[in-house]
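Being a predicted model, the structure only gives us computed values, none of them experimental. Order of the sequence lines sets the chain letters (A, B, ...), proteins ahead of strands, with each chain counted from 1. Every heavy atom of this structure was used, including side-chain atoms; hydrogens, water molecules and symmetry mates were not.
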Amino acid sequence: MVQEKRILYEHLDVPNINTFDVFRQHEGYTRFEKAIAEFQPEELAQMVWDAGLKGRGGAGFSTGEKWSFVPRDIEPRYLCCNADESEPGTFSNRYVLEKNPHLLIEGILICCYAMGIETTYVYIRGEFTLGKKMLDAAIKEAYEQGYLGENVRDTGLNINIYSHPGAGAYICGEETGLIESLEGKRGQPRNKPPFPAVQGVFMKPTVVQNVETLCNLPFIVGNGVEWYTQMGRTYGDTRFDPPKADPNTGTKLYCISGDVNEPGVYELELGLTCTELIEVAGGLRGEEVKAVIPGGSSAPILTHYELDTRLDFTSLTLAKSMLGSGGIIVMNETRNIVDCLLNIMKFYAHESCGQCTPCRWGTPWVRDIVQRIADGEGRQTTITRPKFGVTESGRWGDTGETEEIYEDLDLLENVANNIANVDTMTWNTICVFGIAVSWPAVSYLRKFRPEFEAAIRDSKLVTLSVAEATVPPEENYAYQQRFIPKEFAEIQETTED
Amino acid sequence: MSDEIVQIETPFQFNEENKQEFDELIGRYPVKEAAMLPTLHLAQRQEGYITPAVMRYVAELLEVTVMKVKDVVTFYPMFFEEPVGKYVIRVCHTLPCALRDCKVVLEHLKTKLGTDIASETNLAKGTTDDGKFTLMKVECLASCDVAPVIMVNDDLYKNLTPEKVDEILEQLPN
Ligand SMILES: Cc1cc2nc3c(=O)[nH]c(=O)nc-3n(C[C@H](O)[C@H](O)[C@H](O)COP(=O)(O)O)c2cc1C
Ligand code: SF4
Ligand code: FES
């Protein structure tokens, strides 16, 4: 069985690790000191790039690359730590904030030093009252100990960290929504470009980074790039010639919930399969896996045929899903997919910020269609198209044959695809919330169509067996097109031969 | 004249403690407007909900128009524009909690408190007659591993069953 590899969470359960003294006993702040003593800021940024750290907040964008877009000649620059964690199924940042806030502060310090940043805002979701309290206390201690404030530890650096509470809006997790919200406005995302790296909060260059991403920095600095890249795997991107390294290195705080025996956060090397993760989490609660959501509710669903997919950024993207925030939700054979989709669509209809018409109207529309199907009022129509053949009278003509179609299912896919088209990956909206709506809607429908059809046919929710409910792999669009990535070293070997 | 409705508004001002906290807050941002959310949180903690007087006061403090404050207040679900109960009970009902029977908890709370579920535009609907509780549904509280969960004011309660809900309600001071 795969073993947990606790790095970020290693000292999480040490009593009083939230206090400065205990944190200090567990190598606390030594990595920041090492960074200052041994590296120039530019070297650090290069290290993070070389380590292959990818953003853990959702987009999975290379952190080192993102930092390289920040113009170093415009002052001041800001860091926004994204602690808005509201993607359904995700709960790893919460534990960091509540139990080990000094680790986050150390990560922030390293990022600030590397990017020449003086001010950091930690945007904490409004419901995290305990997390904010713990972080505020830790920040206060860090100021007292001289790790924050003016002239940090006699290095001449000025670094300030402020926590900033959100107020219950999911969309403030989106980076530009977060920035707007931080500026004291409605959290409505901005058009990109300009990207926050160039014009972010207060129209200044801003690095937006998830809590977990920042918590990785002390370990990269402390143990080196070599050590870090040994965890996880590096694939080769064969779209480039010669193939380009595509790192999925480090560990991930996998949050697993739903129908497993021991839900919780498990820190594991990136790249184990769904099946392995379910095993680590105490096994399935129930008889059979019906479906798995691999990356928070926005991610397209996986069927039981796809459980061998590796849970890392590249593999899931190639399986037409995403790792997103790493929130894995497992559903067993008793679950009804229509019902699950209804729940998720209610969430999105509630959380749309209302700026773009396709999202503002489309999302409640999708919800209403699913609601109608779940209520047993799904629309089914008989259509008559002229169909030529030998008629009853023995002549050649229109035979008057009819065809039954599930009108609501076509409508559902159509509306969802017009918010954001999941096949072409183009969206008609300002932010990618649009994709987060149509991805689940379309993937649930396409992969579990028999269950939707049954609900319409029988005018009530019917939970089919797993085998009956799932579209077989030959007809599963994602399964058909999926592509298993090869490891970089392997590709290099074959090309060398 | 007699049938004219005159609404008497209680004026609002930060108390000493909150004023101090506000003064500390405002120094954190290059523009005053950015202190909007923390300031509104402070005001709501003091007043219970965001009254028109609060909005006017905050607008004055942050040097923005009242409309801008209103704009923000209406956007965020955590700000209330109507009075709420002493205890606000937030029941999570998103998918992971739904998979762990949050419906049972919600129904139990409804019968136990004898109230409906508040909607964002009608908080009174979910508030008990004695003004002690307001019951509302919220989206994922980022604690899906210990689902189903509820929040009572600032405190999170985990792995709930109807019995546990009873215990929690009993130990709340009046
Ligand atoms: C609708 C939406 C919601 C998001 N919610 C969060 C969130 O709650 N927490 C988070 O860290 N990132 C969230 N993101 C991703 C952020 O936009 C951004 O990519 C991330 O904070 C960047 O940090 P990273 O590179 O460290 O991951 C969300 C994105 C979208 C489109
Ligand atoms: S896509 Fe939706 S959430 Fe994003 S900006 Fe447009 S309306 Fe707002
Ligand atoms: S769904 Fe209830 S806490 Fe996440």
Side-chain angles (χ1 to χ4, degrees), chain A residues 76 85-94 119 121 125-131 133 160 162-170 172 181-188 201-202 204 255-259 262-265 293 297 327 329-332 335 339-340 343-344 346-347 350-351 353-354, chain B residues 24-25 27-42 44-45 50 58 62 64 68-80 90 92-100 102-103 119-120 136-147 149 151 153-156 159:
Chain A
E85 189 158 69
S86 17
E87 179 78 26
T90 319
F91 38 89
S92 59
N93 296 358
R94 176 183 210 120
T119 313
Y121 297 104
R125 72 177 285 189
E127 291 90 343
F128 280 3
T129 29
L130 179 61
K133 207 173 94 188
N160 288 302
Y162 305 116
S163 67
H164 185 102
Y170 165 68
C172 295
S181 176
L182 188 59
E183 290 181 357
K185 303 174 196 148
R186 298 179 143 223
Q188 292 177 321
V201 68
F202 311 120
K204 295 284 186 256
C255 312
I256 180 160
S257 60
D259 293 320
E262 291 159 27
V265 184
I293 301 175
S297 66
I329 307 170
V330 181
M331 292 168 235
N332 69 16
R335 307 301 177 183
D339 207 22
C340 292
N343 186 302
I344 289 178
K346 280 184 181 164
F347 170 80
H350 180 250
E351 299 296 341
C353 85
Chain B
E24 199 258 320
L25 269 179
R28 298 177 170 187
Y29 308 94
V31 291
K32 283 190 172 173
E33 189 186 347
M36 182 81 82
L37 296 188
T39 310
L40 283 169
H41 273 299
L42 275 184
Q44 179 159 294
R45 211 183 313 147
I50 309 285
V58 171
L62 302 180
V64 293
K68 262 206 159 148
V69 182
K70 173 104 181 163
D71 197 36
V72 170
V73 171
T74 50
F75 185 79
Y76 295 95
M78 280 182 82
F79 296 129
F80 306 130
R90 296 183 162 90
C92 173
H93 74 294
T94 314
L95 187 60
C97 279
L99 295 177
R100 295 261 166 173
C102 68
K103 262 205 186 113
S119 73
E120 254 160 56
M136 54 173 73
K137 288 202 284 193
V138 292
E139 304 297 351
C140 181
L141 289 170
S143 305
C144 325
D145 51 341
V146 286
V149 295
M151 269 181 92
N153 287 354
D154 287 347
D155 300 320
L156 185 84
N159 290 327

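Neither the backbone nor the side chain of A:L130 comes within contact range of chain B; no heavy atom of the residue lies under 4.5 Å from a heavy atom of that chain. Contacts of A:S297 with chain B are absent, with no heavy-atom separation under 4.5 Å from either backbone or side chain. For B:L40, no part lies under 4.5 angstrom from a heavy atom of chain A. Residue contact with chain B, scored on non-hydrogen atoms closer than 4.5 Å, involves the backbone and the side chain of A:F347 alike. Within the 4.5 angstrom heavy-atom criterion, only backbone atoms of A:V330 (N, CA, C, O) approach chain B.
Counting heavy atoms from C-beta outward, B:D145 and A:R94 have side chains that stay 4.5 Å or more apart. Taking 4.5 Å as the limit, every side-chain heavy atom of B:V138 sits out of range of all side-chain heavy atoms of A:E127. Within the 4.5 Å cutoff, side-chain heavy atoms of B:P38 are placed close to those of A:H164. By the 4.5 Å heavy-atom criterion applied to side chains, B:L95 and A:C340 are counted as neighbours.
Partners of B:V146 according to the side-chain contact (heavy atoms from CB on, under 4.5 Å) rule, which considers only residues two or more places apart in sequence or in another chain, are B:S143, B:V149, B:K158, B:N159.
Note on A:G166, A:S86, A:C255: by heavy-atom pairs under 4.5 Å with chain B, the leading option is A:G166. The candidate from B:E33, B:H93, B:R90, B:K32 with the greatest count of non-hydrogen atom pairs under 4.5 Å with chain A is B:E33. Contact count against chain B (heavy-atom pairs under 4.5 Å) is highest for A:G184 among A:C353, A:G184, A:G258, A:G327. Per-residue heavy-atom pair counts under 4.5 Å with chain B were compared for A:P263, A:S257, A:A167, and the maximum is reached by A:A167. Between chain B and the residues A:E183, A:E262, A:Q188, the most heavy-atom pairs under 4.5 angstrom are made by A:E183.
Closest of all the heavy-atom pairs between A:R125 and B:E139 is NH2-O, 4.3 Å. Annotation for A:G89 and B:C140: closest pair N-SG, 3.8 Å, computed over non-hydrogen atoms. B:L99 approaches A:I329 most closely through the heavy-atom pair CD1-CG2, 3.7 Å. Here the shortest heavy-atom pairing between A:N343 and B:A98 reads ND2-CB, 3.3 Å.
Atom CZ of residue A:F128 and atom CG of residue B:L141 lie 8.5 Å apart, to the nearest 0.5 angstrom. Atoms OH and OH, from A:Y162 and B:Y29 in turn, are 9.0 Å apart once rounded to the nearest 0.5 Å. One finds the NZ atom of A:K346 at 5.5 Å from the NZ atom of B:K137 (value rounded to the nearest 0.5 Å).
A donor-acceptor pair under 3.5 Å is absent between the side-chain atoms of B:R28 and the main chain of A:Y121, judged by distance alone. The backbone N or O of A:P88 lies less than 3.5 Å from no partner atom in the side chain of B:T94, so there is not a single donor-acceptor pair.
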Residue pair B:M151, A:T129: steps toward the side-chain contact (heavy atoms from CB on, under 4.5 Å) verdict: CA-CA 11 Å; B:M151 269 181 92; A:T129 29; 4.2 Å; yes
N/O donor to acceptor pairs below 3.5 angstrom from side-chain atoms of residues 69-79 of chain B, sequence neighbours left out:
unit_1: B:K70; atom_1: NZ; unit_2: B:E81; atom_2: OE1; d: 2.9
unit_1: B:D71; atom_1: OD1; unit_2: A:R186; atom_2: NE; d: 2.9
unit_1: B:T74; atom_1: OG1; unit_2: A:R186; atom_2: NH2; d: 3.1
unit_1: B:T74; atom_1: OG1; unit_2: B:K70; atom_2: O; d: 3.0
unit_1: B:T74; atom_1: OG1; unit_2: B:D71; atom_2: O; d: 2.9
unit_1: B:Y76; atom_1: OH; unit_2: A:S181; atom_2: OG; d: 2.9
unit_1: B:Y76; atom_1: OH; unit_2: A:K185; atom_2: O; d: 2.8
unit_1: B:Y76; atom_1: OH; unit_2: A:G187; atom_2: N; d: 3.1

